[in-house]
Amino acid sequence: MSTTHADVSTILLDKVADWLTHSSLAGDDLETMVRGFCERLAGAGLPLVRVHMSFSMLHPLYDALGFTWERASGMHVEGFRKKPGETPERFLRSPYYHLLNNNLDHLRRRIDPEAPSEFPIFDDLKQMGVTDYLAFRHSFSANSNQGMLGSWSTDSPGGFSESAIAALLRIQNHLAVAAKMAVLNKLADNMLTTYLGGDAGKRVLNGQIKRGEGDTICAALVMADMRGSTILAEREGREVYIETLNRFFDAIAAPFNRRGGQIMSFLGDGFLAVYPCDRHREPSEMACRAALAAAFKASARMADLNEERKQKGLAEIGYGIGLHVGNVMFGNVGLTDRLTFSAFGSAVNEVQRLQMLTKKYPQRLIASKDFATYTGGGWVTLGKEKLAGVKQKLTVLHPDVSDVDLADEDGFEVTYDSMSDAEQLMLLIRGGGQSMIEVNGGKKLQ
């Protein structure tokens, strides 16, 4: 339903600015902030029918976050994945590209339903009854790749009034400051989660940053390692080796990074994962069963990867997985000014040695008796082994997989959908010469 415009109340606009300040100080995330901001602008009398904003992010998988608010349907959020490709023609004909290519801060266009559309997005806006469109860009600092781009749309018969434009330009600066804080908070969270893991990242953000700080916890432990990596690196070269190593981790490590599991660290061509639990029997059983289920899925994924390599004439990738349970130190160690957050202790040393026994036995999954006792099910005893640094011999076992379906039914594969134009925009802002792939069918730059 169309609305008529009137002068915008500076008192109500100041209330929106105050709310942004409080939202920023409270540490609200971008989605909460942008949704609340748009709703309050509409409540203050600004005749907005649609608002779009994109924020560039420093993240290993995502390049930007996009938010589209519509008066009729509320907020829609997208995370735009990184994936290089080719620049589509319609991106080059978009309002955002026009802003960037001409080094403009703003671009305003009246939308005439009878006139040809200057930009593809205007076809969609015409269907919404939009009469006026104002795009903008806002860098967070002179030397930063981080920034905000977006657009305001109105269906008011007369378009945006001068007071409405003045109000948008004024409040835009308040939003940029608040959004910059939210982006920086998200950046810290992204980096800590990516490099330390979810739980460890939260502990660090909550102040557990001193050397020696940590907790002693009970956990199911997983240690996995690639076989023949040294020969592969020497034979294939650095680039092929790194690509192979990443494919290996994609296949074998992904199942251990969900359902309570946390990958604590990557150690060369292997990794350590933990499933924290209480010391009572029931939570220990749940943790060990989750770790064993993940090991089965990892085995299935490795079988698929090796079949793919076989079809390409490539050598099979060997691996070993050790499974154990015990008490570990979960915290900070290292130098006073260079720390790492991980799990440490005798149980970690033991699971590493259990994993190495897969070089002695033909089985690729080897577990301690304690681990097997908690999981139940069928196990085959391989023998007793004297582990370095452990006084008593450990009974080691292999799971009986004769009645286990190793099919990966949960769909762990990470699929990369075609990038939307908003992601391509962020790639252009941050990289300039980076290539871009085709957008999803029908989507146009905001």
Side-chain angles (χ1 to χ4, degrees), residues 219-232 244-245 248-249 251-256 261 263 265-275 284-285 287-307 309-310 315-326 328 343 345-408:
L221 305 172
V222 181
M223 183 75 75
D225 189 69
M226 179 195 286
R227 298 287 178 257
S229 59
T230 301
I231 296 176
L232 176 66
T244 302
L245 189 60
F248 169 73
F249 284 138
I252 198 171
F256 298 104
I263 295 180
S265 56
F266 289 93
L267 313 168
D269 54 6
F271 65 89
L272 168 67
V274 300
Y275 288 75
S284 297
E285 289 176 348
C288 290
R289 289 171 182 169
L292 181 60
F296 287 153
K297 292 186 183 298
S299 297
R301 289 164 62 82
M302 283 302 302
D304 291 342
L305 175 60
N306 280 324
E307 178 61 28
R309 290 176 61 82
K310 180 181 178 182
E316 178 180 286
I317 298 176
Y319 66 94
I321 300 176
L323 303 167
H324 192 33
V325 63
V328 296
S346 60
V348 176
N349 297 331
E350 290 163 12
V351 74
Q352 183 176 21
R353 289 169 175 79
L354 284 168
Q355 177 273 131
M356 293 177 66
L357 288 175
T358 59
K359 297 179 180 180
K360 174 180 178 180
Y361 295 99
Q363 287 79 12
R364 285 171 165 168
L365 298 180
I366 289 183
S368 66
K369 184 176 181 180
D370 288 342
F371 182 93
T373 300
Y374 279 123
T375 62
W379 290 84
V380 178
T381 300
L382 299 176
K384 290 188 175 183
E385 294 288 339
K386 180 68 172 68
L387 304 183
V390 181
K391 293 181 179 180
Q392 296 181 339
K393 289 186 176 181
L394 263 66
T395 300
V396 295
L397 305 95
H398 169 68
D400 182 359
V401 297
S402 59
D403 59 348
V404 175
D405 183 6
L406 294 181
D408 183 10

Item to complete: Could you please spell out the steps behind the side chain to side chain contact (heavy atoms under 4.5 Å, CB included) verdict for His398 and Leu365?
Response: CA-CA 6 Å; His398 169 68; Leu365 298 180; 4.2 Å; yes
Practice prompt. For the pair Leu387 and Asn349, evaluate side chain to side chain contact (heavy atoms under 4.5 Å, CB included) and give the outcome as yes or no after the intermediate values.
Written response: CA-CA 9 Å; Leu387 304 183; Asn349 297 331; over 6 Å; no
Practice prompt. Test Leu354 against Met223 for side chain to side chain contact (heavy atoms under 4.5 Å, CB included), laying out the working first.
Written response: CA-CA 8 Å; Leu354 284 168; Met223 183 75 75; over 6 Å; no
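Taking the side-chain hydrogen bond (donor to acceptor under 3.5 Å, both in side chains) definition, one finds that Arg353 meets it with nothing, sequence neighbours left out. Not counting sequence neighbours, the partners of Phe249 by the ring pair (Phe, Tyr, Trp, His ring centres under 6.0 Å) test are Phe266. With sequence neighbours excluded, no residue forms a side-chain hydrogen bond (donor to acceptor under 3.5 Å, both in side chains) with Asn306.
Distance check, rounded to the nearest 0.5 Å: CG of Leu272 to CD of Gln352 gives 9.0 Å. To the nearest 0.5 Å, atom CG of residue Leu305 and atom CD of residue Glu316 are 9.5 Å apart.
Between Arg309 and Thr244 the shortest side-chain heavy-atom distance falls below 4.5 Å. Using a 4.5 Å heavy-atom threshold, the side chains of Arg227 and Lys359 count as touching. When side chains are defined from C-beta on, Leu292 counts as touching Phe371, because their heavy atoms get closer than 4.5 Å. You'll find the side chain of Tyr319 reaches within 4.5 Å of the side chain of Ser299, heavy atoms only. Contact annotation: the side chain of Arg289 never approaches that of Tyr374 to less than 4.5 Å [non-hydrogen atoms, C-beta and beyond]. When side chains are defined from C-beta on, Ile366 does not count as touching Gln355, because their heavy atoms never get closer than 4.5 Å. With a 4.5 Å cut-off on side-chain heavy atoms, Val222 and Val351 do not count as touching.
Between Phe271 and Phe256, the ring planes are tilted. Angles from 30° to 60° get that label.
Nearest heavy atoms, Ala224 versus Ile252: CB-CD1, 4.2 Å. Taking all atoms of both residues into account, the shortest heavy-atom contact from Ala251 to Arg301 is O-NE, 2.6 Å. Between Ala291 and Ala220, the shortest heavy-atom distance links the atoms CB-CB, 4.2 Å. Leu397 approaches Thr395 most closely through the heavy-atom pair CD1-O, 3.8 Å.
Atom NZ of Lys386 has more than 12 neighbouring heavy atoms from other residues, nucleotides or ligands inside a 6.0 Å radius. When the shell of 6.0 Å around CD of Gln392 is examined, it contains 12 or fewer heavy atoms from other residues, nucleotides or ligands.
Of the residues Thr373, Leu221, Thr375, Asp370, the one that meets the side chain to side chain contact (heavy atoms under 4.5 Å, CB included) test with Val325 is Asp370.
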